[in-house]
Amino acid sequence: MSTATKFLKALQESFVNKDSSRCGEFMTDDREFITGHGTRDKQWMMDWIARGGNPTSIGDLEMLY
């Protein structure tokens, strides 16, 4: 299983459990999440995950190399 797949599975579980601790293992302190609304830092993302994130479901993953 690739690191990206592991992260997405951890992200999905974190949204359901409203616990971002597992996702933190995959993110460096200097990471940036770029959205249409601006750039977000790691702490913003961790807080967002802990709140349950977006109600969008992550599933049926397919990794292309």
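For reference, positions follow the sequence shown, starting with 1. As the structure is a prediction and not an experimental result, all values here were calculated from the model.
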**Request:** Find the distance between CD (Glu13) and OG (Ser20) and round it off to the nearest 0.5 Å.
**Result:** 13.5 Å
**Fill in**
Closest heavy-atom pair, Phe33 versus Arg31, reported as atoms and distance to 0.1 Å, is CB-NH2, 2.9 Å
**Shortest non-hydrogen separation from Phe15 to Gly53 and the atoms involved** = CE2-CA, 3.5 Å
**Message:** Let me confirm one number: the NZ-CZ distance from Lys6 to Arg22, rounded to the nearest 0.5 Å.
**Reply:** 10.0 Å
**Asked** Looking at OG of Ser14 and CG of Leu8, how far apart are the two atoms once the value is rounded to the nearest 0.5 Å?
**Response** 11.0 Å
**Asked** Is the backbone of Asp19 close enough, under 3.5 Å, to the side chain of Asn17 for a donor and an acceptor to pair up by distance?
**Response** no
**Prompt:** Would a hydrophobic clustering, with Ile, Leu, Val, Met, Phe, Trp and Tyr connected at side-chain separations under 4.5 Å, put Met46 with Val16?
**Reply:** no
**Rounded distance [0.5 Å steps], CE in Met45 versus CG in Asp41** = 11.0 Å
**Message:** Is it the case that the side chain of Lys42 and the backbone of Met27 share a donor-acceptor pair, with hydrogens and angles ignored and the cut-off at 3.5 Å?
**Reply:** yes
**Request:** In plain terms, say whether Arg40 and Glu32 are close enough for a salt bridge, that is, a side-chain N and a carboxylate O under 4.0 Å apart.
**Result:** no
